Every structure is written in C-alpha cells, then in structure tokens.
Amino acid sequence: RKSFQTMETEEDLLTLLHIKFYHPQQHCKGFYGLLPLGTRSRHSADDPLRLGRDAQACTYSLADPKVSRKQLALNAYRTPKSPDMLFSIQNLSQRGQLSVNGSSLGYLERMDLPDKALIRFLEYEMLIVRESGEAKTSFEVDMEVLTVPPSRETCTCVPGRAPVMDTGMVDQNTAWPEETEETL
C-alpha cells in the first residue's frame with residue numbers, strides 16, 4: 001500500500017515532452033498518419049518510448065519506408081540530486097545516423113537530452129522540448145508537425161543572440177546593447 005505522500009494523483013503536474021516533427025516532403029506524403037497529433041498522451045515512466053516504422057514494436061510509428069523498424073527510443077530517468085524527470089535518447093537504427101544538437105549517435109549509443117534538443121535522422125528533424133513536472137511515475141507527450149524546419153527556427157546553424165527576458169530587458173551579462181525604438 002502506497003503512503004499518501006508517494007501516491008500520484010491526477011492533480012500532479014506531469015512532465016511534458018513537446019515533440020515537433022518536420023520533413024521536407026511531409027505535405028505530399030502521409031508520414032504522420034499514425035501519430036496522435038494535437039492530443040496529449042500519457043506514458044508510464046518505466047517504459048521506453050520508441051519511434052520507428054514498426055507499429056507493433058514502437059510506441060509511435062512513422063509511415064515511411066525509409067525509417068528503420070525501430071529508429072530511436074526516449075527513456076525517462078531521475079537522478080538522486082534532482083526531483084526532475086529527465087530523458088535520454090538512444091539510436092536503435094543499425095543503418096542510420098542520428099544526431100542530437102549536432103552530436104552524432106551510432107547504433108545503440110545513448111545520450112542525455114537537454115531541455116531543448118534538435119534530433120535529426122534521414123530527412124527528419126524533431127524538436128523535443130521538455131517542460132518539468134512533479135509526477136514521478138508518468139509523463140505526457142504532445143506531438144505536432146511544423147511547417148518550417150526547426151533548425152531554421154532555432155538557428156542551430158548560426159550562433160544566436162542572447163535571449164531577451166520577458167521583461168523586455170536584455171540580460172546585463174551579455175554584450176548586446178538594449179534595443180530601443182530606433183533600432184527595432
């Protein structure tokens with residue numbers, strides 16, 4: 001019997017993975033027909049979330065003959081020093097490279113996912129953004145399709161400017177001048 005403190009309730013805020021897909025031919029091919037786009041799905045944290053072509057072997061499947069039967073897996077984990085649910089990614093494809101924010105992963109290689117990661121395999125780009133929650137036994141996934149490649153949106157190819165805080169002020173530790181009406 002679980003104690004009241006460890007019992008997870010519906011009110012617990014679940015960690016959320018936003019997974020955004022892009023493929024250059026997505027407008028004319030039904031790659032995403034088997035994905036639950038636009039709805040949140042809940043997953044048990046102890047089961048790897050697999051993506052690939054094989055709908056039986058994978059949690060989510062892409063209807064694309066070029067995608068490996070099992071392409072990649074996302075694994076939830078926690079560390080003793082942090083309450084956050086974190087994720088690692090593993091390349092399950094024997095024939096294809098997978099890159100995470102520009103770092104390549106070979107077959108069965110695994111890497112911790114940062115809070116925002118650009119994953120590339122074949123011609124696909126996946127932007128995965130993690131929002132922290134308190135729940136310890138499950139997490140949610142929200143999937144969507146982007147009209148523009150996330151690499152262009154996140155400027156992973158070009159060093160970007162420092163982000164402007166919600167206050168509209170630029171962080172004083174950066175060397176960028178504050179924007180004024182004249183420079184906008």
Side-chain angles (χ1 to χ4, degrees), residues 6 8-10 12-23 26 29-80 82-146 149-151 153-154 156:
T6 60
E8 210 167 279
T9 64
E10 290 298 316
D12 276 345
L13 185 63
L14 296 179
T15 296
L16 176 62
L17 284 184
H18 293 283
I19 302 179
K20 303 171 185 191
F21 289 92
Y22 176 81
H23 187 284
Q26 66 192 14
K29 309 212 178 186
F31 296 142
Y32 309 123
L34 301 169
L35 297 179
L37 299 174
T39 58
R40 287 187 178 190
S41 18
R42 190 170 182 159
H43 296 278
S44 178
D46 55 8
D47 286 333
L49 197 144
R50 287 189 191 87
L51 177 74
R53 189 182 70 235
D54 185 338
Q56 271 70 53
C58 296
T59 319
Y60 296 115
S61 55
L62 292 168
D64 182 345
K66 291 182 182 153
V67 170
S68 292
R69 228 171 49 71
K70 293 181 197 164
Q71 189 73 45
L72 61 90
L74 298 174
N75 293 282
Y77 71 93
R78 297 181 55 234
T79 63
S82 167
D84 287 351
M85 186 179 296
L86 303 170
F87 293 86
S88 67
I89 187 167
Q90 184 176 29
N91 184 359
L92 300 178
S93 173
Q94 292 183 48
R95 24 172 238 249
Q97 281 289 314
L98 179 105
S99 79
V100 180
N101 291 343
S103 301
S104 285
L105 286 181
Y107 177 58
L108 292 184
E109 290 180 349
R110 178 186 300 238
M111 170 188 292
D112 290 344
L113 272 185
D115 289 347
K116 189 174 191 176
L118 179 65
I119 315 299
R120 288 181 161 147
F121 60 93
L122 301 168
E123 291 182 78
Y124 288 90
E125 288 187 17
M126 281 171 50
L127 183 64
I128 300 180
V129 181
R130 182 182 69 89
E131 274 182 33
S132 288
E134 295 146 17
K136 295 179 178 25
T137 61
S138 58
F139 62 95
E140 284 185 311
V141 173
D142 176 34
M143 295 187 170
E144 68 177 282
V145 175
L146 298 173
S151 57
E153 196 178 278
T154 55
T156 51

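From a predicted model like this one, the values you see are computed outputs, not experimental measurements.
Q26 and Y32 get closest at one heavy-atom pair: OE1-OH, 2.9 Å. Listed here is the closest heavy atom pair of G133 and T15: N-OG1, 3.1 Å. In terms of heavy atoms, A63 sits closest to G30 at CB-O, 3.6 Å. Nearest heavy-atom pair, D46 versus S44, reported as atom, atom and distance to 0.1 Å: OD1-OG, 2.5 Å. Closest approach of S138 to M85, counting heavy atoms only: O-CE, 3.6 Å. When all heavy atoms of S93 and S68 are compared, the pair lying nearest together is OG-OG, 2.7 Å.
Here the options are L72, N91, I119, the test is side-chain contact (heavy atoms from CB on, under 4.5 Å), and the partner is L105; only N91 passes. In summary, of the residues considered (E131, R130, E140, E144), a side chain to side chain donor-acceptor pair (under 3.5 Å) with H18 occurs for E131 alone. Among M111, E109, Q97, the one residue that satisfies the side-chain contact (heavy atoms from CB on, under 4.5 Å) test with S104 is Q97.
Counting only residues at least two apart or on different chains, the ring pair (Phe, Tyr, Trp, His ring centres under 6.0 Å) pairs with a member in residues 60-79 are H43-Y60.
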*Report the C-alpha separation of F31 and F21 in whole Å, then their side-chain angles, then the decisive distance to 0.1 Å, and conclude whether the ring pair (Phe, Tyr, Trp, His ring centres under 6.0 Å) test is met.*
CA-CA 10 Å; F31 296 142; F21 289 92; over 10 Å; no
_Trace of the side chain to side chain contact (heavy atoms under 4.5 Å, CB included) decision for L74 with I19_ = CA-CA 11 Å; L74 298 174; I19 302 179; 4.1 Å; yes
*Residue pair F87, I128: steps toward the side chain to side chain contact (heavy atoms under 4.5 Å, CB included) verdict*: CA-CA 10 Å; F87 293 86; I128 300 180; over 6 Å; no
*Before giving the answer on side chain to side chain contact (heavy atoms under 4.5 Å, CB included), spell out for R40 and L14 the whole-Å C-alpha distance, their side-chain angles and the decisive distance to 0.1 Å.*
CA-CA 11 Å; R40 287 187 178 190; L14 296 179; over 6 Å; no
*Output, in order, the C-alpha distance, side-chain angles, deciding distance and verdict of side chain to side chain contact (heavy atoms under 4.5 Å, CB included) for D142 and L17.*
CA-CA 6 Å; D142 176 34; L17 284 184; over 6 Å; no
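You'll find the side chain of L118 reaches within 4.5 Å of the side chain of E125, heavy atoms only. Counting heavy atoms from C-beta outward, L86 and D112 have side chains that stay 4.5 Å or more apart. Taking the side chain as every heavy atom from C-beta outward, F121 and L51 approach each other to under 4.5 Å.
A donor-acceptor pair under 3.5 Å is formed between the side chain of R53 and the backbone N or O of V67. Using modelled atom types, no side-chain atom of S61 and backbone atom of D54 make a donor-acceptor pair closer than 3.5 Å.
Between the CG atom of N101 and the CZ atom of R120 there is a distance of 9.5 Å, given to the nearest 0.5 Å. Going from atom CG of L113 over to atom CD1 of I89 covers 5.0 Å, rounded to the nearest 0.5 Å. Note that CE of M126 is 9.5 Å distant from CD of Q71, once rounded to the nearest 0.5 Å. Here the OG1 atom belonging to T39 is positioned 7.5 Å from the CG atom belonging to L37, to the nearest 0.5 angstrom. The CG atom of D115 sits 6.0 Å away from the OG atom of S132 when rounded to the nearest 0.5 Å. The structure places OH of Y107 at 13.5 Å from CG of L98, a figure rounded to the nearest 0.5 Å.
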